[in-house]
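Computed from a predicted model, the values in this text were never measured in an experiment. In this chain, numbering begins with 1 at the start of the sequence shown.
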Amino acid sequence: MATAAPDVATNQDTSLAPRWHVVLLNDDDHSYEYVIDMLVAIFAKTPERAFQHACEVDATGRTILDTTSKERAELKVEQIHAFGKDPRIPRSQGSMSAEMEPAE
(Lines give C-alpha, C1' and ligand atoms only; values in the text may rest on other atoms or scores of the structure.)
Protein backbone atom coordinates (compact mmCIF):
# COMPACT_ATOMS: atom_id res chain seq x y z
CA MET A 1 0.00 0.00 0.00
CA ALA A 2 1.48 3.30 -1.13
CA THR A 3 1.11 6.40 0.97
CA ALA A 4 0.54 9.76 -0.59
CA ALA A 5 2.86 12.59 0.22
CA PRO A 6 1.17 15.18 2.36
CA ASP A 7 0.19 18.44 0.74
CA VAL A 8 2.54 21.16 1.92
CA ALA A 9 1.43 24.72 1.59
CA THR A 10 4.20 26.98 0.37
CA ASN A 11 4.11 30.71 0.16
CA GLN A 12 7.01 32.08 -1.76
CA ASP A 13 7.11 35.85 -1.58
CA THR A 14 9.26 36.86 -4.49
CA SER A 15 8.53 40.55 -4.36
CA LEU A 16 11.49 42.84 -4.57
CA ALA A 17 12.50 45.19 -1.79
CA PRO A 18 11.02 48.66 -2.23
CA ARG A 19 13.14 51.02 -4.32
CA TRP A 20 14.08 54.56 -3.33
CA HIS A 21 15.01 57.66 -5.32
CA VAL A 22 17.98 59.78 -4.28
CA VAL A 23 16.90 63.36 -5.03
CA LEU A 24 19.26 66.34 -5.22
CA LEU A 25 17.67 69.68 -4.31
CA ASN A 26 18.65 73.01 -5.85
CA ASP A 27 20.13 76.03 -4.15
CA ASP A 28 22.06 79.12 -5.24
CA ASP A 29 25.18 78.39 -3.18
CA HIS A 30 26.76 75.76 -5.42
CA SER A 31 28.15 76.01 -8.95
CA TYR A 32 27.61 73.68 -11.87
CA GLU A 33 31.24 72.62 -11.48
CA TYR A 34 30.58 71.63 -7.85
CA VAL A 35 27.55 69.54 -8.84
CA ILE A 36 29.50 67.85 -11.63
CA ASP A 37 32.48 67.12 -9.37
CA MET A 38 30.21 65.73 -6.66
CA LEU A 39 28.23 63.47 -8.99
CA VAL A 40 31.36 62.11 -10.63
CA ALA A 41 32.90 61.41 -7.20
CA ILE A 42 29.86 59.96 -5.41
CA PHE A 43 27.85 58.32 -8.20
CA ALA A 44 30.58 57.67 -10.82
CA LYS A 45 28.51 59.66 -13.32
CA THR A 46 30.18 60.76 -16.52
CA PRO A 47 30.84 64.51 -16.66
CA GLU A 48 28.25 64.75 -19.44
CA ARG A 49 25.54 63.00 -17.41
CA ALA A 50 26.50 65.01 -14.31
CA PHE A 51 26.10 68.22 -16.34
CA GLN A 52 22.60 67.09 -17.39
CA HIS A 53 21.69 66.60 -13.71
CA ALA A 54 23.12 70.05 -12.90
CA CYS A 55 20.94 71.60 -15.61
CA GLU A 56 17.86 69.72 -14.39
CA VAL A 57 18.30 70.64 -10.72
CA ASP A 58 18.85 74.28 -11.71
CA ALA A 59 15.79 74.38 -13.99
CA THR A 60 13.31 72.35 -11.93
CA GLY A 61 14.63 72.51 -8.36
CA ARG A 62 15.35 68.78 -8.12
CA THR A 63 16.80 65.84 -9.99
CA ILE A 64 16.66 62.11 -9.33
CA LEU A 65 20.24 60.86 -9.17
CA ASP A 66 19.68 57.17 -8.48
CA THR A 67 16.97 54.61 -7.79
CA THR A 68 18.22 51.94 -5.45
CA SER A 69 17.75 50.07 -2.19
CA LYS A 70 16.86 51.99 0.95
CA GLU A 71 20.26 51.33 2.52
CA ARG A 72 22.21 52.52 -0.51
CA ALA A 73 19.94 55.58 -0.88
CA GLU A 74 20.61 56.48 2.76
CA LEU A 75 24.36 56.16 2.15
CA LYS A 76 24.25 58.33 -0.98
CA VAL A 77 22.25 61.07 0.77
CA GLU A 78 24.80 61.03 3.61
CA GLN A 79 27.65 61.28 1.11
CA ILE A 80 26.01 64.29 -0.57
CA HIS A 81 25.50 65.98 2.80
CA ALA A 82 29.15 65.33 3.69
CA PHE A 83 30.64 66.57 0.40
CA GLY A 84 31.34 70.03 1.81
CA LYS A 85 31.00 73.60 0.65
CA ASP A 86 31.70 74.90 -2.83
CA PRO A 87 35.11 76.60 -2.80
CA ARG A 88 34.15 78.57 -5.94
CA ILE A 89 31.32 80.45 -4.19
CA PRO A 90 32.31 82.43 -1.07
CA ARG A 91 28.79 82.38 0.43
CA SER A 92 28.63 78.56 0.23
CA GLN A 93 28.45 77.34 3.83
CA GLY A 94 28.09 73.62 3.34
CA SER A 95 26.95 70.77 1.15
CA MET A 96 23.92 70.62 -1.07
CA SER A 97 20.67 69.14 0.18
CA ALA A 98 19.34 65.79 -0.85
CA GLU A 99 16.49 63.54 0.22
CA MET A 100 15.07 60.10 -0.38
CA GLU A 101 11.61 59.32 -1.66
CA PRO A 102 9.91 56.04 -2.44
CA ALA A 103 10.09 55.07 -6.10
CA GLU A 104 6.68 54.19 -7.48
Side-chain angles (χ1 to χ4, degrees):
M1 176 167 125
T3 58
D7 287 334
V8 177
T10 59
N11 182 8
Q12 293 181 349
D13 185 4
T14 59
S15 63
L16 299 174
R19 308 287 283 167
W20 292 81
H21 292 312
V22 178
V23 182
L24 183 66
L25 304 174
N26 190 43
D27 62 40
D28 294 327
D29 294 335
H30 298 88
S31 63
Y32 273 55
E33 292 85 358
Y34 173 94
V35 175
I36 292 165
D37 290 347
M38 177 182 61
L39 298 183
V40 168
I42 295 175
F43 292 91
K45 302 272 187 194
T46 64
E48 296 79 15
R49 185 66 184 120
F51 177 73
Q52 292 172 342
H53 281 293
C55 292
E56 184 175 14
V57 75
D58 188 38
T60 68
R62 63 193 311 263
T63 185
I64 296 173
L65 301 174
D66 197 8
T67 302
T68 187
S69 68
K70 184 176 184 180
E71 293 78 14
R72 185 169 191 273
E74 289 169 340
L75 172 64
K76 293 302 177 182
V77 167
E78 288 175 12
Q79 289 175 325
I80 291 168
H81 290 163
F83 199 72
K85 66 181 184 175
D86 186 341
R88 298 167 195 90
I89 298 181
R91 71 177 177 272
S92 179
Q93 297 296 307
S95 303
M96 290 187 75
S97 295
E99 62 187 15
M100 296 171 35
E101 65 183 28
E104 300 189 23

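The minimum heavy-atom distance linking Asp29 with Asp86 is given by the pair O-CB, 3.9 Å. For the residue pair Gly84 and Ser95, the shortest heavy atom distance occurs at N-OG, 2.6 Å. When every heavy atom of His30 is checked against every heavy atom of Ser92, the shortest pair comes out as NE2-OG, 3.5 Å. The two atoms that bring Leu24 and Ser97 nearest to each other are CD1-O, 3.5 Å, heavy atoms only. Residues Val40 and Lys45 approach most closely at CG2-O, 3.3 Å, considering heavy atoms.
The shortest side-chain heavy-atom distance between Arg88 and Asp37 falls under the 4.5 Å cut-off. Side-chain contact between Trp20 and Pro102 is present, with heavy atoms from C-beta onward closer than 4.5 Å. Contact of the His53 side chain with the Val57 side chain is not registered, since no non-hydrogen atoms from C-beta on lie closer than 4.5 Å. Residues Glu101 and Arg62 form a side-chain contact, since some pair of their non-hydrogen atoms from C-beta on lies under 4.5 Å apart. Side-chain contact between Lys70 and Pro18 is absent, with no heavy atoms from C-beta onward closer than 4.5 Å. Side-chain contact check for Lys76 versus Gln79: some heavy-atom pair is nearer than 4.5 Å.
Once rounded to the nearest 0.5 Å, the distance linking CE of Met96 with CG of Leu39 reads 8.5 Å. To the nearest 0.5 Å, atom NZ of residue Lys85 and atom CZ of residue Arg91 are 13.0 Å apart. The CG atom of Asp58 sits 11.0 Å away from atom OG1 of Thr63, with the distance rounded to the nearest 0.5 Å. Note that CG of Asp66 is 11.0 Å distant from CE of Met100, once rounded to the nearest 0.5 Å.
Judged by distance alone, with hydrogens and angles left aside, the side-chain atoms of Arg19 form a donor-acceptor pair with the main-chain N or O of Thr67 at under 3.5 Å.
Ring orientation note: the planes of Tyr34 and Phe83 are nearly perpendicular, at an angle over 60° on the 30°/60° scale.
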Intermediate values then yes/no, side chain to side chain contact (heavy atoms under 4.5 Å, CB included), Val22 and Ile80: CA-CA 10 Å; Val22 178; Ile80 291 168; 4.1 Å; yes
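Within a 6.0 Å sphere centred on CZ of Phe43, other residues, nucleotides and ligands contribute more than 12 heavy atoms.
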